2 protein chains.
Amino acid sequence: MTDFSETSDVSSSDDWCNTAIDDAQARANPRVAQAVERITELRQSIDNVDAAIVSLLAERFKYTAEVGKLKAQAGFAPEDREREQRQAARLNEVAVNAGLDPSVEEHYLQFVVTEVKRRHQCIARAGAKSGC
Amino acid sequence: MTDFSETSDVSSSDDWCNTAIDDAQARANPRVAQAVERITELRQSIDNVDAAIVSLLAERFKYTAEVGKLKAQAGFAPEDREREQRQAARLNEVAVNAGLDPSVEEHYLQFVVTEVKRRHQCIARAGAKSGC
């Protein structure tokens, strides 16, 4: 990777500091233009990953909506701490193996579990045919 | 889907209310056993989706780590509000088309963008070779 810190005409330029990426300005400097090009490529990959994750979240919430209805109908509690502990241990292993900071995976799991429990509690209170 | 609310021997049983799923108890009632079986299947799918999402998050954070380094080297700001607005609009469309409650997608985007910005700020302060 190019080390811009060795390129005084880039790192010493106040024009670039604390600004968002500006294509017009970027074209004036070939090294910065190269960085902008790579950032644009990476952003496309990030957008593709986000679209995939949001699509998977849609499937995940369809599954958990069905679990919520089945639990409410059978009278099971919305919360299941043992299940949550198994999920946490398993996902931690997936994160470590995939090279992801486990704190990010923990935050992800906390976010989905909190959201799902809120919906399951709503289903349990309002009935399986509610709009939870 | 079986409607357990019509099954008095299930819905009237205090044993099931507010309890986590218990396989031993579940086997005593065929209808509940069927629900437990379906919940087990759904949980396996949920676990598969979670593993896929965590693996994708690992890739996402590799991409954003590279973006962070390039931005720091070129002197670009860690934050880019226009980019964030475009991401939000695009992902909202993905969520709606996939049948996901947009509030879940918004929560997801907020979580990753906040985490990435924190890391980019760390890289900008500590240098591209930091452990951010």
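Reminder, nothing fancy here: chain letters follow the sequence lines and each chain counts from 1. Everything quoted here is computed from the prediction, not taken from an experiment. What you see below is based on every heavy atom in this structure, not just the backbone, and it leaves out hydrogens, waters and symmetry mates.
The distance from atom CG of Leu109(B) to atom CG of Asp50(A), rounded to the nearest 0.5 Å, is 6.5 Å.
A salt bridge does not link Asp47(B) with Arg60(A): every distance from a Lys NZ or Arg NE/NH1/NH2 to an Asp or Glu carboxylate oxygen is 4.0 Å or more.
Shortest non-hydrogen contact noted between Leu91(A) and Ala51(B) is CD2-N, 4.0 Å. Leu56(A) and Ala52(B) make their closest contact through CD1-CB, 3.9 Å (heavy atoms, listed as atom of the first residue, atom of the second, distance). Nearest approach of Ala98(A) to Ala58(B), heavy atoms of both residues: O-CB, 3.4 Å.
Ranked by heavy-atom pairs under 4.5 Å with chain B, the list Val49(A), Val94(A), Ile53(A) is led by Ile53(A). Comparing Ile39(B), Asn48(B), Thr64(B) by how many heavy-atom pairs each has under 4.5 Å with chain A, the most go to Ile39(B). When Val104(A), Val112(A), Val67(A), Asn97(A) are compared by the number of non-hydrogen pairs under 4.5 Å with chain B, Val104(A) comes out ahead. Ranking Arg83(B), Arg86(B), His107(B), Glu59(B) against chain A, the residue ahead of the rest is Arg83(B), based on heavy-atom pairs under 4.5 Å. In terms of heavy-atom pairs under 4.5 Å with chain A, the best-connected choice from Glu105(B), Glu93(B), Glu115(B), Arg90(B) is Arg90(B).
For Glu37(A), the CD atom counts as loosely surrounded, since its 6.0 Å shell holds 12 or fewer non-hydrogen atoms of other residues, nucleotides or ligands.
Proximity to chain A involves both the backbone and the side chain of Tyr108(B), based on heavy atoms less than 4.5 angstrom apart. Only the side chain of Phe61(A) has a heavy atom closer than 4.5 Å to any heavy atom of chain B. Heavy atoms closer than 4.5 Å to chain A are found in the side chain of Lys62(B), but not in its backbone.
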Arg119(A) vs Asp101(B), side chain to side chain contact (heavy atoms under 4.5 Å, CB included): CA-CA, chis, key distance, verdict: CA-CA 12 Å; Arg119(A) 283 155 197 258; Asp101(B) 180 346; 2.8 Å; yes

Side chain to side chain contact (heavy atoms under 4.5 Å, CB included) evaluation trace for Asp80(B) with Arg43(A): CA-CA 12 Å; Asp80(B) 188 338; Arg43(A) 282 179 166 181; 3.3 Å; yes

Test log, rule side chain to side chain contact (heavy atoms under 4.5 Å, CB included), inputs Leu70(A) and Leu42(B): CA-CA 11 Å; Leu70(A) 287 165; Leu42(B) 288 164; 4.0 Å; yes

